[in-house]
Structures are given as C-alpha cells and as structure tokens.
> 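Below you'll find the structure I mean.
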Number of protein chains: 2
Amino acid sequence: MRILHHWPLDPWSRQVRLALAEKKLDFETEYQRFWDAPDDLLALNPTGLPPVLVEETEKGRTALCESRAILEYLEETHPEPPLLPGGSADRAEARRLAAWFDVKFSAEVNAYLLHEKLEKRVQSLGAPDMEAIRIGRDALRWHLDYMCGLLDQRDGLAGPRYTLADLVAAAHLSCVDYLGDVPWDDFPAAKAWYQRIKCRPAFRAILADRLPGCPPVDGYQDLDF
Amino acid sequence: MRILHHWPLDPWSRQVRLALAEKKLDFETEYQRFWDAPDDLLALNPTGLPPVLVEETEKGRTALCESRAILEYLEETHPEPPLLPGGSADRAEARRLAAWFDVKFSAEVNAYLLHEKLEKRVQSLGAPDMEAIRIGRDALRWHLDYMCGLLDQRDGLAGPRYTLADLVAAAHLSCVDYLGDVPWDDFPAAKAWYQRIKCRPAFRAILADRLPGCPPVDGYQDLDF
C-alpha cells in the first residue's frame, strides 16, 4: 500500500502525484492542511510539510519526505517510463531546471502569487497585497520568456523528451494557472508546451482539483485554452 | 580540464569542492564575486549564482549548474567513493537531509547569520541587524539539537557512513563556524561529528579558506576545538 500525504495546490505535492501517475503506480491520498501542523504529518516529516509518501510492504513501512528525494527514489525503484534522460550531462540539465523552478520560480513568482491569492485565503491571513501580486506577475513574465527561449530549441524544457524538468515546471505553473494568472497568449511557445502537458493522462487528476471554497478559473481544466 | 566557479564562503560552492575532493578529482577554481553579476558567470548560469562546474573534454565543454545537480552528476560519473548509500530508501534519507540543510537550515540560520555578518560586509550592504542575528542563533540551536537526535542513533546524519547528508550539512555549518557562531560545547554529539568531518582530507581546503579583510575566528581551522 502507498499513501501520499499532500495538499492539492502545493507545487511539491503535485510533482509527486505527477511522477506516480507517469509511472502508473497506484496510491491513495491523505489531504493535509499543513499550516495547522497536524500531528500525523509532523510524525512523518519533522519539517511538517507535504509531500510525504508512505510505502508499506512486507519488509516494513518507509516514509519518504522532500519532493526531490521522492522523485529520485521513484526513478530508481520504478525506472519505466524514465523521467530523467540517459546521459549524465542531460540528466544534470534536467535537474538544473528542476532546481530553477523549485528555488528561483518559487521564490520570485509563487511566493508572491500563490501566497497572496491562495495561502492567505485558506489560512485566513488577511487581504492580498496588490503590490506583491504585481511583483509576482512581472517575475512570471520573465520566467515565461526564459522558458520560450528554451522551447525555441527543443520540445521539452531540458531536451527533446518530457523529463523531470517539464514535470517540476508544470507542477509550479499549474498552481498559478489555477488562479488564472498566466498570460499564455503572450508566450506562444510556453502555451504550446503547456497544451502538450495538459494532454498527458498523468495530468488529468491535477486538472480535476477543486479546492473547497476556492474553485479554479474558467479554462484551468480545458485542453484548448 | 575542470574549472569550478565558486565563492569560498558560499555553502553550495563548498558542497561541490567537498565532493570533488572526496572523489579525488583535480580541478581549478575561479573566484566569483557573484553579487557584482559578472558577465562570465551569467553566461554560464542564467541565475548568476555559483557553483558552476565547467568540464572540458575531447567531446566538448559542459557547464554544470546548481549544487544538487552537480553532486548527482559527480556521483553518476565518478561513483567511487560513493556519497550515497546503496539502498533506495537509504539514498532517499540522505537526499531528504541534504534538502533539509539546503532549504530549511539555509532559510532559518544562514539567511540570518551569513547574511548579516558576512554578506552585508563584503557586499557593503550596511550594518548587521542584531535582532536578525539573534533569530539566526536561536534557530541554529534548534537545528543542532535535531542533529544530535539523529547522531544519537548513528555516526553519520543519514546512517552509519559518511554520505551526501553529512557533506551538505558540513558545507552549511562550516560557513557559520567561520564566523564563530556555533555553540559546539552545548551539543556534544554534533561537535564529535564535526570533529570527525574536520579530520577528513577532503575538508582541508575548506579549513584553509581566508576571505580578504574578513578572517575566520580562532579555532575555525583547528581539528581539536
């Protein structure tokens, strides 16, 4: 049995859901309001953050924490279909871009947009700060421009095939897209890339997410947007 | 030829120096004042941050960015001596702890102590904020306590052997130690762990670091401190 402790609009939880679905691995989910510091989540992960993947086998129970550690674990234990390219330099490029979105995109875009528009709402932290939202939207345009530069040369962010880089980027961007903040039409190469990703069967559950009291914008789930 | 673009007191640069030394790989270094946004560094890494490892072989030139991507690359291309354990669950634990220090320790300790006491000085950003230093020092005690909890059960942070977890933790802690901010005597298990790490030949170059105009505190380089 495999249980993923997650929050649906947490980009790191989404990465693990996507990887499990790409690799066609069955799992159950446990919804975690992590900002309430639930005891069961803290017992599994001392940071108190999702995602945590609990695997129970005959050999015992393993709790895996931190999205990148979980993704590497899944790649090692279930190599097909691969989410990392074959060559070491190509793998480094996919991991570089995964870090780009986990660190830079997250700090410059989601720390503003997700925090102001979503986290403040569900965690009752007060009204959104419009100046912070403007900063996040400006940074998002810069990131989309960077993505278009990569996608002019290749179909995936890190190379010709879908890799961890695309999965991690899509996990972060899909949360902003839930809020309707991505100016896709101004960035055609990024839009075409996201259309291809939305069509992947592994992405269906992400597009079906509906947060109670905070529905997605129109078009979030549409394959043709 | 192999060139590491680094800044000596950057914890992520230190991780790559340590991994290269553990694996006994020769390299030259290029000192990067990354806050001045040097053109050569920006051309190699669009984030403008060290470390960047440039490898030149007969097949061409590869620029590797982001410490975790570089460490995984080195582990794949030069597996001996290994910095990750053999089993996938054990590898996940080492990677979880590496993420702990790269994300949580960095945000809760080094973002205060290194920033206030070192980065502000070398980047001429004004006087240190004593309240921020107090917050960083309090968080550091909490992290040392967590480390002692792990080290009560095992010699390395992630298991019986030295792994990526120890290397990443030591890279971050050694920067705070350069400033003399680690209350080692209050945390004997962490102190004994750091003593073992200081004795590793791969750590010698780290202990020899001397930043112009900002020397380390007494005891930084001593194996018996």
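Proteins get letters first, then strands, A, B, ... in listed order; numbering begins at 1 in each.
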> In the structure I gave you, are the side-chain heavy atoms of A:L173 and A:L140 within less than 4.5 Å of one another anywhere?
yes

> Is it true that A:R141 and A:D145 make a salt bridge, defined as a side-chain N closer than 4.0 Å to a carboxylate O?
no

> With chain B, which of A:T47, A:D102, A:L49, A:I70 has the greatest number of heavy-atom pairs at distances under 4.5 Å?
A:T47

> Is the backbone N or O of B:D129 less than 3.5 Å from a side-chain atom of B:E116, with the two atoms forming a donor-acceptor pair by type?
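Yes, the answer is positive, given that a donor and an acceptor are paired below the 3.5 Å cut-off.
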
> Are side-chain heavy atoms of B:W7 and B:L41 found at a separation under 4.5 Å?
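Not in contact.
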
> Give me the contact list for residues 83-100 of chain A versus chain B, heavy atoms only, anything under 4.5 Å, ordered by residue number.
A:S88, A:A89, A:R91, A:A92, A:R95, A:R96, A:A99, A:W100

> So does A:L157 get a backbone contact from the side chain of A:R154, meaning a donor-acceptor N/O pair under 3.5 Å?
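Side chain of A:R154 to backbone of A:L157, a donor-acceptor pair under 3.5 Å: yes, one is there.
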
> Is any side-chain heavy atom of B:V168 less than 4.5 Å from a side-chain heavy atom of B:H172?
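In short, these two side chains touch, coming nearer than 4.5 Å.
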
> Just wondering, are more than 12 heavy atoms of other shown residues or ligands nearer than 6.0 Å to OH in B:Y112?
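Check fails, neighbour count at 12 or below.
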
> Could you tell me which residues in residues 13-35 of chain A have at least one non-hydrogen atom under 4.5 Å from a non-hydrogen atom of chain B, sorted by residue number?
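Near chain B, by residue number: none.
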
> Please state whether the rings of A:W142 and A:Y146 are parallel, tilted or perpendicular, taking 30° and 60° as the class boundaries.
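Parallel.
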
> So, are B:D166 and B:R196 salt-bridged, with charged N and O less than 4.0 Å apart?
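So B:D166 does not pair with B:R196 through a salt bridge.
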
> Parallel, tilted or perpendicular: which one describes the rings of B:W184 and B:Y194, with boundaries at 30° and 60°?
parallel

